[in-house]
Amino acid sequence: MFMKNQTLVSEFVLLGFQNLHNFKIPLFSLFLLIYIMIICENVLIIVLVSSSQNLQSPMYFFLQQLSACDFLQSTIIVPILLQTVINEGATLYFVGCLVQFYFISLTEAFECFLLAVMSYDRYVAICIPLRYSSIMSHRVCVTLIFVSWLLSLIAVLIIAKIMATLQFCHQNIINHFFCDFFPLLELSCSDTFLMQITITLQSIPVVFLPILLITVSYMCIAHAILKIVSNTGRQKAFSTCSSHLAVVSLFYGALTAIYVIPPRKESQTISKVLSLLYTVVTPLVNPLIYSLRSKDIRDVLQRILNRLHQAPRGQIY
């Protein structure tokens, strides 16, 4: 695929955030701390769901997939981000830059589909509870995840096929902290009209249809919650749904602002900040909002901590 790129560019220079001066070390420390927290949180969720029999429901299966996706995306992006901060830039080989772009696009597309699947799962659980086990069987859950990865891969392959035809001549400086779509297009000396049309058309099935499904699902959930007689139960359900919607809005809002609304050269700093929202902030808060607030996960974690506390006394079973 890369052989079609008859390019004079052998590497790209990522500028990241410029003119940090005295904020370089504090910002590097902050991003490093966030990255460590992202890794610990998401690995914890993956291990807990895999090892506990009490967390073998469809909801936790999907949360495990979300944690795996966030772990992968942050591992692709944050190390390069740290390098751009501490060294005031980073250099990536041409192929490495495109590979990073493809994997980031893959994880972004998968998370779009996965959030829609998770909202449908909550709709079935709350609005059709008596049929939940039959509708959301393990086979159905695995199929939904497989289809989500397959659709994401197809979307990325379409972009990759067109990207492989682009030529990059002399410009190799990317004013971003990772190899993103529009910064790469700006460097190409080929006609990028087809590429921009493709990404706009792909945003319909990848972004807007999942948003529509999430909106409809949560409207039905809200209608069902209003029927709850207990004020305490209603408030608890609304609190959970509102926090979920806040994370979803953050993720889709940033994606829409970056990839759907035409970018402007003078808004590059805003684009970087928006990119931070869905590449760094979202993987950090997803485990807190979706998983660690769950009583089931807290109970499993508490039992593990109790066993570790009892370990010196030889009381681990």
Side-chain angles (χ1 to χ4, degrees), residues 1-18 73 76-77 80-81 84 89-113 150-211 251-279:
M1 175 168 44
F2 300 118
M3 295 301 294
K4 296 180 181 179
N5 280 295
Q6 297 178 356
T7 175
L8 300 177
V9 174
S10 60
E11 60 185 24
F12 289 107
V13 178
L14 299 172
L15 295 181
F17 294 93
Q18 295 293 296
Q73 185 180 75
I76 295 170
I77 293 177
I80 301 297
L81 168 62
T84 62
T91 301
L92 287 179
Y93 286 112
F94 178 82
V95 173
C97 187
L98 293 187
V99 168
Q100 186 195 47
F101 166 70
Y102 296 149
F103 274 101
I104 292 172
S105 301
L106 180 64
T107 55
E108 288 173 0
F110 174 73
E111 187 158 346
C112 286
F113 292 125
L150 180 62
L151 292 176
S152 304
L153 182 61
I154 292 173
V156 171
L157 287 177
I158 293 174
I159 296 177
K161 182 176 177 59
I162 302 176
M163 184 73 79
T165 64
L166 299 181
Q167 294 184 356
F168 296 88
C169 302
H170 300 287
Q171 295 289 333
N172 72 332
I173 298 178
I174 300 177
N175 189 11
H176 212 303
F177 58 87
F178 67 93
C179 297
D180 203 7
F181 178 74
F182 284 111
L184 280 174
L185 285 194
E186 291 177 1
L187 297 184
S188 175
C189 51
S190 304
D191 185 5
T192 60
F193 178 75
L194 177 61
M195 195 67 177
Q196 296 186 43
I197 291 296
T198 301
I199 200 69
T200 302
L201 293 176
Q202 280 198 358
S203 66
I204 297 175
V206 175
V207 178
F208 290 114
L209 287 183
I211 289 177
F251 178 75
Y252 282 108
L255 279 186
T256 302
I258 292 174
Y259 296 112
V260 179
I261 300 175
R264 298 178 180 177
K265 291 184 177 180
E266 60 269 19
S267 63
Q268 289 175 335
T269 302
I270 298 177
S271 178
K272 294 177 190 177
V273 173
L274 290 173
S275 297
L276 279 177
L277 291 181
Y278 75 87
T279 60

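Count residues from 1 along the sequence.
Considering CZ of Phe103 and SG of Cys179, their distance stands at 13.5 Å, rounded to 0.5 Å. One distance of note links CZ of Phe181 with CD of Gln196; it measures 6.5 Å at 0.5 Å rounding. Here the straight-line distance linking atom OH of Tyr252 with atom OH of Tyr278 works out to 13.5 Å at 0.5 Å rounding. If you take CG on Leu81 and CZ on Phe17, they are separated by 6.5 Å, rounding to the nearest 0.5 Å. Between the CG atom of Leu157 and the CD1 atom of Ile162 there is a distance of 11.5 Å, given to the nearest 0.5 Å. To the nearest 0.5 Å, atom OH of residue Tyr102 and atom CE of residue Met163 are 5.5 Å apart.
Crowding of Gln18 atom CD: a count of heavy atoms from other residues, nucleotides or ligands under 6.0 Å exceeding 12.
Judged purely by atom type and a 3.5 angstrom limit, Thr256 has no side-chain atom pairing as donor or acceptor with the backbone of Gly253. At least one donor-acceptor pair under 3.5 Å links the side chain of Ser188 to the backbone N or O of Gln167.
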Can you check side-chain contact (heavy atoms from CB on, under 4.5 Å) on Ile174 and Cys97, steps first, answer last? CA-CA 10 Å; Ile174 300 177; Cys97 187; 4.0 Å; yes
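Side-chain atoms of Ser271 and Phe182, non-hydrogen and from C-beta on, never get closer than 4.5 Å to each other. Residues Phe178 and Leu92 have side chains not in contact (no heavy-atom distance under 4.5 Å, counting atoms from C-beta outward). The shortest distance between side-chain heavy atoms of Val207 and Gln202 does not fall below 4.5 Å. Counting only heavy atoms from C-beta outward, the side chains of Thr165 and Ser190 never approach each other to under 4.5 Å. Residues Val206 and Phe113 form a side-chain contact, since some pair of their non-hydrogen atoms from C-beta on lies under 4.5 Å apart.
Of the listed residues (Leu187, Asp180, Leu185), just one forms a side-chain contact (heavy atoms from CB on, under 4.5 Å) with Pro183, and that residue is Asp180. Test Phe168, Phe101, Tyr93 against Phe12 for ring pair (Phe, Tyr, Trp, His ring centres under 6.0 Å) and you get one pass: Phe168.
Cation-pi geometry between Lys272 and Phe177 is not met: the NZ or CZ atom fails to fall both under 6.0 Å from the ring centre and inside 45° of the normal.
Nearest heavy atom pair, residue Pro210 against residue Pro205, reads CD-O, 3.2 Å. The shortest heavy-atom contact between Leu166 and Asp191 is CD2-O, 4.1 Å. Of all heavy-atom pairs between Ile104 and Gln73, the closest is O-NE2, 4.3 Å.
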